[in-house]
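When a ligand or atom number is given, it counts from 1 through the structure's own listing order. The residues of the chain are indexed from 1 along the displayed sequence.
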Amino acid sequence: MKDKVEILVVEDDAPIRNLIMTTLETQKYKYQTASDGSEALLMAVSHKPDIILMDLGLPDTDGVEVIRKIRTWSVAPIIVISARSDDRDKIEALDAGADDYLTKPFSVEELLARIRSTLRRLQYLESQGTEEIALFENGDLTIDYAAATVKLGEEKIHLMPMEYSLLCLLAKHVGKVLTHQYILDKVWVNALESDLSSLRVYMATLRKKIEPNKGQAKYIQTHIGIGYRMVRIEKN
Ligand code: CA
């Protein structure tokens, strides 16, 4: 990663843009701003930001459209910050390629927490380089892809093939919210809407096996009505 993290702030509402800018300044993050979709695309191309904060209601183009366009050539994490709180809007943005979302009004602490977790994920991806990853490690969780085995600490966890596929998919996108439909498309062949209930069942059995504390989500977060995310756990 570059010495200094660069963040592109796409927001047409000046007071909110100022709030975000002030927040980023407190952490010494470098940033650029854009107040509409075409400016956002221009800035994304010219500055190659490390993270993009994206409003959806923009004066010229819909933010979701901007995300789709950016995704045709960039993998930079995109955190949506939007007043749209409907699940369908969040799902649409995530499926267009957003990594995370924050609903307005948001707290600056929450925004900074999302940025930090995105940076952890970037650092992790960078540390993996371009080599084929043989081992996935997150907290006490280890996936050995070659042996197709999963361990929690030293304990070997026995997963059913479907649970293993789900875990690998979440691990591959660690830190990112994956929508139900995305997961179904990747893991189920010919996914039907009705498969959502079986996804929930497999996810529940998977979590029973890998979550160390009953009923407490450490590795896999549920986003009700939207999907799931594997949380990147910081090393102690
Ligand atoms: Ca707006």
**Prompt:** Where the Ca ion (ligand 1) is the centre, what is the OD1-to-OD2 angle for D12 and D55, rounded to 10°?
**Reply:** 80°
**Item:** Any N, O or S atom of D13 closer than 3.0 Å to the Ca ion (ligand 1)
**Value:** no
**Asked** Between Y145 and F136, what is the ring plane arrangement, given parallel below 30°, perpendicular above 60°, and tilted in between?
**Response** tilted
**Asked** Does atom NZ of K104 have more than 12 heavy-atom neighbours from other groups under 6.0 Å away?
**Response** yes
**Prompt:** Between the Ca ion (ligand 1) and E11, is there an N, O or S atom separated by less than 3.0 Å?
**Reply:** no
**Request:** Could you tell me whether the Ca ion (ligand 1) has an N, O or S atom of G57 under 3.0 Å away?
**Result:** yes
**Prompt:** Under a 4.5 Å cut-off applied to non-hydrogen side-chain atoms, are D140 and K218 in contact?
**Reply:** yes
**Item:** Closest non-hydrogen atom pair, L196 against H180
**Value:** CD1-CG, 3.4 Å
